[in-house]
Amino acid sequence: MLKNITVTVPKLSLPGGVSAFWNALLPEFKTYEQVNFKPLEIGGHGKNVFGPLLDNWHLKKATDKSTDLIILNPSLGSRSFFRDAFFAKYLIRKNIPFVLFFHGWNLDFEQKIDKKYVPFFQKSLGKAKKIFVLSDDFKSKLLAWGYKGEVVVSTTMVNRSLFVNSPVLNQKSENGANFKILFLSRLIKEKGIYETIGAFKKLQEKYQHLQLIIAGSGNEMDTIRGLVAGNDNIVLTGHIEGAEKIKCYNNCDVYCLPSYSEGLPTSVLEAMAFGKPVITTAVGGLKGFFKDGTMGYFVRAKDAEDLQEKLELLLVAPNLRKEMGDFNFNFAHEHLLSNKVAQKILGELEAFL
């Protein structure tokens, strides 16, 4: 018997981690004949004060039809938390089972829940049949808030459409020659972009033929453009996707994302799937997922000197880069591609269908 699952998502035509996640997963679910996944786009109303009312109306319309399960995709921030909590209260009244997938997790808002909103959580989102999170720390917090169901520590994933033509691992650099570092992210301070630039400039004092590719856009772009002006070995690409993004991953030697906080960044998993060692920080889901010294290296957040040292370890050791890159490629293609993650998620939902 066909089961109908409705998934609340942001506008799928817009960039963003959650939309990218579901844009990759929804086509994978179409291969399973026993389930029908239907996206319900919500949010994106800007300053429209009627936005939450519109979202609630769309949810009610969606559940007027046969619905066996709802998947809510909140982030732990004030707007998303309260919106999805009211969704949950409505679904409880309608006796429609729902599960949660927390993608983002704001530690400051976590403290507000600790102080004021634990009972509200327990009576709304805490009634979910199951909750997916990206970190053991997030799981522990939900259990501390009194959640009685199962919490699954999951991952984001890599869209396997990136590998239609099966990429060739590119371990071309030797002894630092043409050593390329890729930073691909929104250009905001919290992603560690300034530490990345600082570490690169220090490496340039010792080594020639280095290149830093900064791919992305964001509110720090103008400042960064001024900071790197005149340095021909730092390339700003702006926002990239598709073939251009594939080319950047294929042509780099190391992927670098020294964020101050994270859920589980898709770009780290993508870099792994392209067979690249990764330098990142032990934050969010990375703390429990990433194997330091095997997949690459952890560095201390906000520490350009530590970042420089770890980059140099990989710069001077092409065999180590290849060893880490090969491990990452095999691990990612076995566990992290969208078809693999879709299969795992469906298995976790099977009990409610």
Side-chain angles (χ1 to χ4, degrees), residues 17-18 20-21 73-77 81 100-114 130-145 147 150-158 182-186 188-196 199 254-273 276-311 313-314 324-325 327-332 334-336 340-341 344-345 348:
V18 182
F21 182 85
N73 284 274
S75 292
L76 198 77
F81 175 83
L100 307 178
F101 200 128
F102 278 104
H103 294 266
W105 194 278
N106 185 299
L107 295 176
D108 292 334
F109 190 71
E110 175 191 295
Q111 294 176 5
K112 291 183 179 180
I113 297 177
D114 283 334
K130 184 175 285 194
I131 301 179
F132 295 84
V133 294
L134 299 175
S135 159
D136 284 314
D137 289 347
F138 304 161
K139 175 179 179 177
S140 297
K141 179 53 68 173
L142 291 171
L143 297 178
W145 288 340
Y147 179 65
E150 183 184 3
V151 183
V152 178
V153 179
S154 186
T155 67
T156 51
M157 50 85 225
V158 179
L182 175 63
F183 176 99
L184 189 157
S185 177
R186 284 182 298 133
I188 58 175
K189 179 181 178 182
E190 291 76 13
K191 294 296 184 180
I193 180 58
Y194 292 112
E195 289 79 5
T196 302
V254 174
Y255 181 68
C256 181
L257 188 72
S259 302
Y260 302 172
S261 64
E262 282 289 355
L264 184 57
T266 300
S267 63
V268 166
L269 308 191
E270 288 176 342
M272 291 174 59
K276 308 301 175 179
V278 173
I279 295 181
T280 189
T281 44
V283 294
L286 288 166
K287 189 190 304 182
F289 164 80
F290 191 82
K291 295 177 173 63
D292 186 32
T294 300
M295 295 175 169
Y297 293 114
F298 276 141
V299 295
R300 294 182 294 273
K302 305 180 184 181
D303 191 333
E305 185 175 345
D306 189 25
L307 179 56
Q308 175 196 339
E309 291 174 0
K310 295 302 194 303
L311 283 168
L313 286 177
L314 292 174
M324 289 179 169
F327 178 91
N328 287 349
F329 179 90
N330 292 328
F331 182 92
E334 184 175 350
H335 300 288
L336 302 177
K340 305 287 188 179
V341 175
K344 291 176 187 175
I345 289 177
E348 293 288 352

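In this chain, residues are counted from 1 in sequence order. Remember, predicted model here, so these are calculated numbers, not experimental data.
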**Item:** Full working for salt bridge (charged side-chain N to carboxylate O under 4.0 Å, His left out) between Lys141 and Asp114
**Value:** CA-CA 9 Å; Lys141 179 53 68 173; Asp114 283 334; 3.3 Å; yes

**Asked** Step by step, would you call His335 with Lys340 a side chain to side chain contact (heavy atoms under 4.5 Å, CB included)?
**Response** CA-CA 6 Å; His335 300 288; Lys340 305 287 188 179; 6.0 Å; no

**Prompt:** What's the verdict on side chain to side chain contact (heavy atoms under 4.5 Å, CB included) for Tyr260 and Val283, showing C-alpha distance, side-chain angles and the deciding distance?
**Reply:** CA-CA 7 Å; Tyr260 302 172; Val283 294; over 6 Å; no

**Message:** Show, in sequence, the C-alpha distance, side-chain angles and deciding distance for Glu262 and Leu257, and conclude whether the side chain to side chain contact (heavy atoms under 4.5 Å, CB included) test is met.
**Reply:** CA-CA 10 Å; Glu262 282 289 355; Leu257 188 72; 3.8 Å; yes

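For the ring-ring contact (aromatic ring centres under 6.0 Å, His included) with Phe132, the lone residue among Phe21, Phe138, Phe101 that qualifies is Phe101.
In this structure, OG in Ser185 is found 8.0 Å from CD1 in Ile193, a value given to the nearest 0.5 Å. To the nearest 0.5 Å, atom CZ of residue Phe290 and atom OG1 of residue Thr280 are 6.5 Å apart. The NZ atom of Lys291 sits 9.5 Å away from atom CG of Asn328, with the distance rounded to the nearest 0.5 Å. To the nearest 0.5 angstrom, Gln308 atom CD is 10.0 Å from Asp303 atom CG. With rounding to the nearest 0.5 Å, the separation of CG in Asp108 from CD1 in Ile113 is 11.5 Å. Considering NZ of Lys112 and CZ of Phe81, their distance stands at 12.0 Å, rounded to 0.5 Å.
Leu336 approaches Phe289 most closely through the heavy-atom pair CD1-CZ, 3.9 Å. The heavy-atom pair separating Lys139 from Val153 by the smallest distance is CD-CG2, 3.9 Å. Minimum interatomic distance between Glu195 and Lys302 (heavy atoms only, all atoms of both residues): OE2-CA, 3.5 Å. Heavy atoms only, all atoms of each residue included: Ala332 and Met272 are closest at CB-C, 4.1 Å. Contact record, Leu134 with His103: CD1-O, 3.3 Å, taken as the closest heavy-atom pair. Of all heavy-atom pairs between Val152 and Glu348, the closest is CG2-OE1, 3.7 Å.
Looking only at atom types and distance, the side chain of Tyr297 has no donor-acceptor partner in the side chain of Glu309 under 3.5 Å away.
Here the side chain of Ser135 pairs a donor or acceptor atom with the backbone of Asp137 at under 3.5 angstrom. Here the side chain of Thr156 pairs a donor or acceptor atom with the backbone of Leu264 at under 3.5 angstrom. In this structure a side-chain-to-backbone donor-acceptor pair under 3.5 Å is missing from Lys310 to Ile279. Using a distance-only test at 3.5 Å, with no hydrogens or angles considered, a donor-acceptor pair links the side chain of Asp292 to the main chain of Phe298.
Between Leu182 and Lys276, every side-chain heavy-atom pair lies at or beyond the 4.5 Å cut-off. Lys191 has its side chain within reach of Phe183: a pair of non-hydrogen atoms, C-beta onward, lies under 4.5 Å apart. For the pair Pro265/Leu286, a side-chain contact is recorded, criterion being any heavy-atom separation below 4.5 Å from C-beta on. With a 4.5 Å cut-off on side-chain heavy atoms, Thr281 and Val299 count as touching.
The aromatic rings of Trp105 and Phe102 sit perpendicular to each other, their planes meeting at more than 60°, with 30° as the lower class boundary.
Note that Lys189 lies outside the cation-pi zone of Tyr194, set by a 6.0 Å cut-off to the ring centre and a 45° limit from the axis.
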